[in-house]
Amino acid sequence: MRAPDGPDVMAGEVLLSVANVSLSFGGVKAISGVSFDIRKGEIRAIIGPNGAGKTSMLNVINGFYQPQEGVITFKGKARAKMRPHDAADGGIARTFQNVALFRGMTALDNIMAGRTLKMHKNLFWQLLRHGPAMVEEVEHRHRVEEIIDFLKIQEIRRTPVARLPYGLQKRVELGRALAMEPDLLLLDEPMAGMNIEEKEDMSRFILDVNEHYGTTIALIEHDMGVVMDLSDRVVVLDHGIKIADGTPAEVMKNQAVIDAYLGVAH
Amino acid sequence: MDILYKAFIDPFMQMGAAPDLFVQTLWDGLVAGVLYSLIALGFVLIFKASGVFNFAQGIMVVFAALTLVGLHEKGVPAYLALAITIGIMFLLAVGVEKLMLRPLVNQPDIILFMATFGLTYFLIGFGELIFGGDPKVMIATQLGLPRGAIDFKFAGGFVSLQKIDIAATIIASIMVASLAIFFQKTRIGRALRAVADSHKAALSVGISLEQIWVIVWFAAGLVALATGIMWGARSEVSFALEIIALKALPVLILGGFTSIPGAIAGGVIIGVGEKIGEFYWGPLLGSGIETWLAYVIALVFLLFRPQGLFGEKIIERI
């Protein structure tokens, strides 16, 4: 558990709050009346058994899904509908459960793509590759190189990502999200399918991002050890309903959580 | 034995005997090939960014050319007509995005493919309604395209290059080069490639699919306009031109559906292969082989490279 900055996070201001959100696909209820909040600067874990609605929740937050009910308040602004483009523009970045990279492009281009919304020079200059557009490209390239250094992926800069091993692909994907300089970073199972060493590296990066850039992070994770180590607070979903919310220690002791994970004796 | 001689020896003897004719045929093939490349390029652009095989690409060529000529017939000066036509191609792109692609987002590719059939028939009807169905003459001279031919002596004979063909080749090369730079080097180009690779990842970094679709359809519209002008100048502007889209199919099979260099190389191989085949091997098979030879060439290539010359190799992890 992360003791040092625990207390002030606990009292911190709310960055995003989800109130009574329900989402269904046809007759299937993916999320029913879930409410929780994410405070500025914290690492918030969302856990739960398979099919609990965790990924659906992330998809609602970044605008991929529109909930049928409920209100989402981000940076003090409540919204009914938001498109992914607006979410990205507002400072929400994310990674995906099954790595979603631009497979035909190099690691560098993938991360540069994360700068899309930060680049504004018009097409005319871009085509000429001169003047303001060139200055802009160089400027952003500089920021991207910092991220590449931070994630220690200098050697694979020019490698098409499809050729990279899975662990590195996940890292490039994190880099692309970081390139957006987000206020809220959503990580969908950042450590799925990794070996212990890769998990440790990734944990380190997540903590560093949180500490150095002050980025608020919401992550879905199955590895309980990782959740205990990384997160300030945990929300537990099961069958689309929130069954627990609190510090990792509190949540682990919660009977409903134990039942959801281990099953209840009948 | 006679047939073997005619198939394998005689054509090469002819090539050697009259190198000027051979060069002439090669040039004709090259020019046709460049135009095939342009049509194929229109397909590739849209296929890359949206995964849609745009059946309407052929009719877009006709529609663009028809609009240009039709406007000029109604008394609009040539260059103004060109500018207006470019504007109309942009409106078409916006319309396609708003009325066709957006309502069908997340539908299977085959649905979008069928929608492009609908677009084809709409454009035929709409074009005919406004400009009539009669064949028209392309306003090549008014647009400043050169006329006449350059003849030069070669190996005891003459080779004749139509100036318009030279212009077509240059314009096509410039278009292809600028599209390639656009795709590789600019932010929007990067966004286009991103969309082609993964819709959801592109959305997550804030790329607007709507904007990208308008851009690719507009680019495809511009390519269609250039093709229409060049092709129209060589024959005439009529709805019969639509079938040149069918010529693009073997080019695409050959070059790979996602590759711009593939579209160019494929177009040139098909164009040259067709003309050489027709000229030297045509008589053996009773002529008229030009219409189907392209498909045979494409099939032969497919045997060895199923993903096309430059297409991405499809590897699935199991």
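Computed from a predicted model, the values in this text were never measured in an experiment.
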Straight-line distance of [X] [atom1] to [Y] [atom2], nearest 0.5 Å:
{"X": "A:Asn110", "Y": "B:Asp197", "atom1": "CG", "atom2": "CG", "result": "8.0 Å"}
{"X": "B:Ser204", "Y": "A:Arg176", "atom1": "OG", "atom2": "CZ", "result": "5.0 Å"}
{"X": "A:Phe64", "Y": "B:Lys200", "atom1": "CZ", "atom2": "NZ", "result": "7.5 Å"}

Tell me whether the count of non-hydrogen atoms from other residues, nucleotides or ligands lying under 6.0 Å of [atom1] in [X] goes above 12.
{"X": "A:Phe25", "atom1": "CZ", "answer": "yes"}
{"X": "A:Lys75", "atom1": "NZ", "answer": "yes"}
{"X": "A:Gln154", "atom1": "CD", "answer": "yes"}

Restricting to non-hydrogen atoms, name the atom on [X] and the atom on [Y] that form the minimum distance, rounded to 0.1 Å.
{"X": "B:Val205", "Y": "A:Thr116", "answer": "O-CB, 4.4 Å"}
{"X": "B:Gly206", "Y": "A:His85", "answer": "O-CD2, 2.9 Å"}
{"X": "A:Ala100", "Y": "B:Ala201", "answer": "O-CB, 3.1 Å"}

Looking at B:Ala191, B:Ser198, B:Ala194, which one has more heavy-atom pairs under 4.5 Å with chain A than the rest?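 Highest number of pairs under 4.5 Å: B:Ala194.
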Chain A contact via B:Glu210 - side chain, backbone, both or neither, heavy atoms under 4.5 Å: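 Side chain of B:Glu210 only, per the 4.5 Å heavy-atom cut-off to chain A.
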Is [X] close to chain B through its backbone or its side chain, or both, or neither, when contacts mean heavy atoms under 4.5 Å?
{"X": "A:Arg83", "result": "side chain"}
{"X": "A:Met105", "result": "both"}
{"X": "A:Leu186", "result": "neither"}

Chain B contact residues among residues 87-96 of chain A, heavy-atom distance under 4.5 Å: A:Ala88, A:Ile92, A:Arg94, A:Phe96
Per-pair distances, 0.1 Å, donor-acceptor, side chain in residues 84-98 of chain B, under 3.5 Å, sequence neighbours excluded:
| from | atom 1 | to | atom 2 | distance (Å) |
| --- | --- | --- | --- | --- |
| B:Thr85 | OG1 | B:Ala81 | O | 2.6 |
| B:Glu97 | OE1 | B:Arg102 | NH2 | 3.2 |
| B:Glu97 | OE2 | B:Arg102 | NE | 3.2 |

